[in-house]
Amino acid sequence: MRFLLDAEQRAFAGSLDAMLTAADTPSVVREWSRGEHASGRALWSRVADAGVFALAVPEVHEGLGVRPVELAVAFVELGRHAVPGPLVETVAAAALLAGLPDPGPAKRLLPALAAGDAMTTLAWRTPYALDGDVAATRLALSAEGVRLAPGHGPVRASLDPARRLTPLDPGGELLGTGPSAAEALIRARLATAAQALGVGLALLDRTVAHVGQRTQFGVPVGSFQAVKHRLADAKVALEFARPLLFGAALTMDPADVAAAKVTACEAAYATARTALQLHGAIGYTAEYDLSLWLTKARVLRTVWGSPQECRAEVLSGGARRW
């Protein structure tokens with residue numbers, strides 16, 4: 001099947017691309033990695049004003065209604081531009097709050113989340129949350145339920161410098177027990193898959209431009225057959241992931257979303273390896289912007305479900321259907 005975006009969805013993607021290009025996101029990412037959040041907060045507000053977070057929030061809580069396809073469109077662009085912050089965690093938190101038996105916490109917290117007024121992060125059954133030092137709302141999910149964490153510990157280093165991990169303080173207000181954790185995980189995996197696809201597309205575009213400019217033996221490196229084959233393999237893998245992503249956004253079936261997640265993340269990771277090889281030594285330097293996408297491709301591969309976990313979900317989903 002061919003999953004083609006309609007005119008409105010393409011216009012939405014184009015507007016996000018233009019906005020993020022003008023924002024010079026590589027400089028924002030570097031400042032965010034150093035703990036300087038002013039430019040990142042400003043970018044977060046612009047992303048919220050574009051309606052991205054409202055796509056994860058029901059209309060009853062001042063969102064646009066949960067729209068997985070449009071959310072996937074947005075996260076492809078966020079990944080393409082390496083936007084920092086707890087983006088996927090915000091989507092998962094919205095699903096978690098909306099799924100609580102008591103509607104009170106959702107009514108209190110979701111409008112600010114949708115508007116981007118309160119950056120939200122989530123510790124998913126671990127002590128650590130992404131960017132807990134900058135988030136205004138810190139949620140912690142455990143077997144007991146969902147708590148509003150009262151604070152956070154020191155920032156911990158991550159493979160991706162822009163992903164700043166913070167342990168959340170124990171205790172805090174118990175928002176509810178028995179939350180709909182399964183739905184939150186599905187949406188988080190969908191957003192991660194879309195983000196990974198965007199990362200892979202950015203890596204491919206930058207590598208194609210690089211090999212077209214770099215010369216060896218008096219000709220562009222991109223003219224070599226071996227280089228063309230590597231780039232073609234990366235392109236095929238990413239384009240194969242695209243319909244799986246949007247197909248999963250239509251069904252929101254756990255197995256479909258897991259298949260999209262593992263396929264998009266593996267394609268982005270393979271593209272990152274190709275990009276690193278074809279850039280040569282400069283690709284290993286943190287000062288070169290390519291590194292901002294290389295490290296992200298590596299991390300997205302395992303967050304919200306490793307390749308093994310996602311493949312197991314695909315197999316179990318297929319067994320249930322038969």
Side-chain angles (χ1 to χ4, degrees), residues 28-41 43-44 53 56 78 82-100 105-106 108-110 112-113 116-185 187-189 191-192 195-196 261 265 286 292 295-306 308-309:
V28 175
V29 174
R30 294 189 184 283
E31 291 174 8
W32 190 272
S33 301
R34 296 194 297 266
E36 301 167 9
H37 298 128
S39 61
R41 285 183 181 275
L43 182 59
W44 186 275
F53 304 130
L78 296 176
V83 175
L87 299 163
V88 175
E89 288 70 20
T90 295
V91 170
L96 206 57
L97 290 170
L100 290 174
R108 173 159 52 103
L109 298 173
L110 282 181
L113 181 153
D117 296 335
M119 189 179 294
T120 303
T121 192
L122 170 65
W124 183 267
R125 293 172 175 162
T126 72
Y128 297 96
L130 195 64
D131 300 308
D133 59 327
V134 65
T137 302
R138 309 176 192 92
L139 302 180
L141 175 68
S142 66
E144 183 184 14
V146 182
R147 286 191 176 274
L148 192 60
H152 64 87
V155 175
R156 305 292 180 90
S158 170
L159 174 65
D160 177 2
R163 294 178 60 87
R164 307 172 73 254
L165 300 174
T166 48
L168 298 186
D169 294 341
E173 178 187 356
L174 181 63
L175 300 178
T177 58
S180 179
E183 181 65 24
L185 179 60
R187 293 191 203 173
R189 284 180 173 175
T192 302
Q195 196 176 16
K261 201 270 181 188
C265 290
L292 306 179
T295 53
K296 198 169 295 295
R298 176 64 183 86
V299 172
L300 291 178
R301 185 172 181 247
T302 54
V303 297
W304 297 103
S306 67
Q308 293 79 10
E309 290 170 326

Determine yes or no for a side-chain-to-main-chain donor-acceptor pair under 3.5 angstrom, with [X] supplying the side chain and [Y] the backbone.
X: Arg138; Y: Gly132; result: yes
X: Ser158; Y: Pro161; result: no
X: Thr126; Y: Ala123; result: no
X: Thr166; Y: Ala129; result: yes

State the [atom1]-[atom2] distance between [X] and [Y], to the nearest 0.5 angstrom.
X: Leu292; Y: Asp160; atom1: CG; atom2: CG; answer: 8.0 Å
X: Leu87; Y: Thr120; atom1: CG; atom2: OG1; answer: 11.5 Å
X: Arg301; Y: Thr192; atom1: CZ; atom2: OG1; answer: 14.5 Å
X: Glu183; Y: Leu185; atom1: CD; atom2: CG; answer: 9.5 Å

- Hits for ring pair (Phe, Tyr, Trp, His ring centres under 6.0 Å) against His37, two or more places apart or cross-chain, chain-then-number order -> Trp32
Pairs involving [range], ordered by first then second residue, that meet salt bridge (charged side-chain N to carboxylate O under 4.0 Å, His left out) (sequence neighbours left out):
range: residues 86-97; result: none
range: residues 146-159; result: Glu144-Arg147
range: residues 31-40; result: Arg34-Glu36
range: residues 162-174; result: Arg108-Glu173, Asp133-Arg164

- Tell me, with the steps shown, if Leu100 and Thr177 meet side-chain contact (heavy atoms from CB on, under 4.5 Å). CA-CA 7 Å; Leu100 290 174; Thr177 58; over 6 Å; no
- Message: With side chain to side chain contact (heavy atoms under 4.5 Å, CB included) as the test, pick out the partner of Leu122 among Val91, Leu96, Val88.
- Response: Leu96
- Message: Taking side chain to side chain contact (heavy atoms under 4.5 Å, CB included) as the definition, give me every residue that meets it alongside Ala82, ordered by chain and number, with sequence neighbours left out.
- Response: Val29, Trp293, Lys296
